[in-house]
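Data block below; observations after.
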Amino acid sequence: MVTKVLPLIICPVWLASGVYSCSCAGFQHPQDQFCSSDYVFYGKVTNEQFKTGPADDTANNFATWKYTLNIIFKMKGITEGVGQDVVIETAGNGALCGVRLTVGKSLILMGTKQSDGTKRIGLCDFVSQLDNLTPYQTFYLFTRCSYSYLETAE
């Protein structure tokens with residue numbers, strides 16, 4: 001009896017679950033992410049601002065988080081100088097690949113630029129604290145020598 005009723009319950013639920021969310025296509029090595037990113041830098045999050053969407057946007061599908069970061073070290077695609085601020089945007093909710101950054105944390109960010117120059121970051125992009133990197137990753141990100149990430153960046 002259970003084997004006959006259970007499929008009748010599971011199938012409609014499975015068919016009705018047309019919910020889509022953020023999905024990253026497999027693991028990318030940090031060096032591949034570096035090469036495919038429009039910008040890469042190490043900076044400290046100094047401010048966050050939530051820009052709401054329309055009044056009926058209760059799921060924040062049209063909302064945006066804007067983060068201001070002070071640049072500590074430039075690696076790729078950043079025109080602002082060390083010590084200057086840069087604004088990074090992300091989607092208003094995690095289902096749309098939005099990420100939350102913590103004010104006061106220093107992070108390495110690898111992201112994309114929109115056609116209007118807006119810098120974006122998402123769940124599938126590289127966002128990491130320095131102490132989460134291996135010594136080799138740190139070396140290759142912050143030095144300019146043979147085989148380092150920066151050798152091919154500019």
Query - Residues in side-chain hydrogen bond (donor to acceptor under 3.5 Å, both in side chains) contact with Asn47, at least two apart in sequence or another chain - result: none
Query raised in the report: Do Tyr39 and Ile88 have side-chain heavy atoms sitting under 4.5 Å apart?
Result: yes
Query raised in the report: What's the shortest heavy-atom distance between Phe62 and Pro54, and which atoms?
Result: CB-CD, 3.7 Å
Query raised in the report: Roughly how far, to the nearest 0.5 Å, is OG1 of Thr46 from CG of Leu101?
Result: 11.0 Å
**Report entry** Sole candidate of Lys51, Glu48, Gln49 that passes side-chain contact (heavy atoms from CB on, under 4.5 Å) when paired with Trp65
**Finding:** Glu48
Requested in this report: Check whether any side-chain heavy atom of Phe73 lies under 4.5 Å from a side-chain heavy atom of Leu130, and answer yes or no.
Outcome: no
Requested in this report: Group every Ile, Leu, Val, Met, Phe, Trp and Tyr by side-chain heavy-atom contacts under 4.5 Å, then state whether Val103 and Val99 land in the same group.
Outcome: yes
Query raised in the report: Do Asn61 and Leu96 come close enough that some side-chain heavy atom pair is under 4.5 Å?
Result: yes
Query raised in the report: Between CD of Gln33 and CD1 of Ile108, what distance do you get to the nearest 0.5 Å?
Result: 11.5 Å
Query - Arg100 and Tyr67 side chains, donor-acceptor separation under 3.5 Å - result: yes
Query raised in the report: Between Phe142 and Tyr42, is the gap from one ring center to the other below 6.0 Å?
Result: yes
Report summary line: Tightest non-hydrogen contact, residues Ile121 and Thr90, listed as O-OG1, 2.9 Å
Query raised in the report: For the atom pair OG1 (Thr68) and CG (Asp85), what is the distance rounded to the nearest 0.5 Å?
Result: 6.0 Å
Report summary line: On a heavy-atom basis, the closest approach of Ile78 and Lys119 is CD1-CE, 3.7 Å
Report task. Kindly indicate whether the side chain of Leu69, heavy atoms from C-beta on, has any atom under 4.5 Å from the side chain of Glu80. Result -> no
Report summary line: Nearest heavy-atom approach of Ser106 to Ile72 is OG-CD1, 3.8 Å
Query raised in the report: Of the non-hydrogen atoms in Thr79 and Lys74, which two are nearest, and what is the gap between them?
Result: O-NZ, 4.1 Å
Query - Within 45° cone of Phe34 ring axis and under 6.0 Å: Lys76 NZ or CZ - result: yes
Requested in this report: Identify, with sequence neighbours excluded, every residue that meets ring-ring contact (aromatic ring centres under 6.0 Å, His included) alongside Phe126.
Outcome: none
**Report entry** Residue pair Met110 / Asp125, side-chain heavy-atom distance below 4.5 Å
**Finding:** no
Query raised in the report: How many angstroms lie between NZ in Lys113 and CZ in Arg120, if you round to the nearest 0.5 Å?
Result: 15.0 Å
Query raised in the report: Looking only at heavy atoms, which two atoms of Phe50 and Ala63 are closest? And how far apart?
Result: CZ-CB, 3.4 Å
Query raised in the report: Rounded to the nearest 0.5 Å, what separation is found between the CZ atom of Phe41 and the CG atom of Leu107?
Result: 8.5 Å
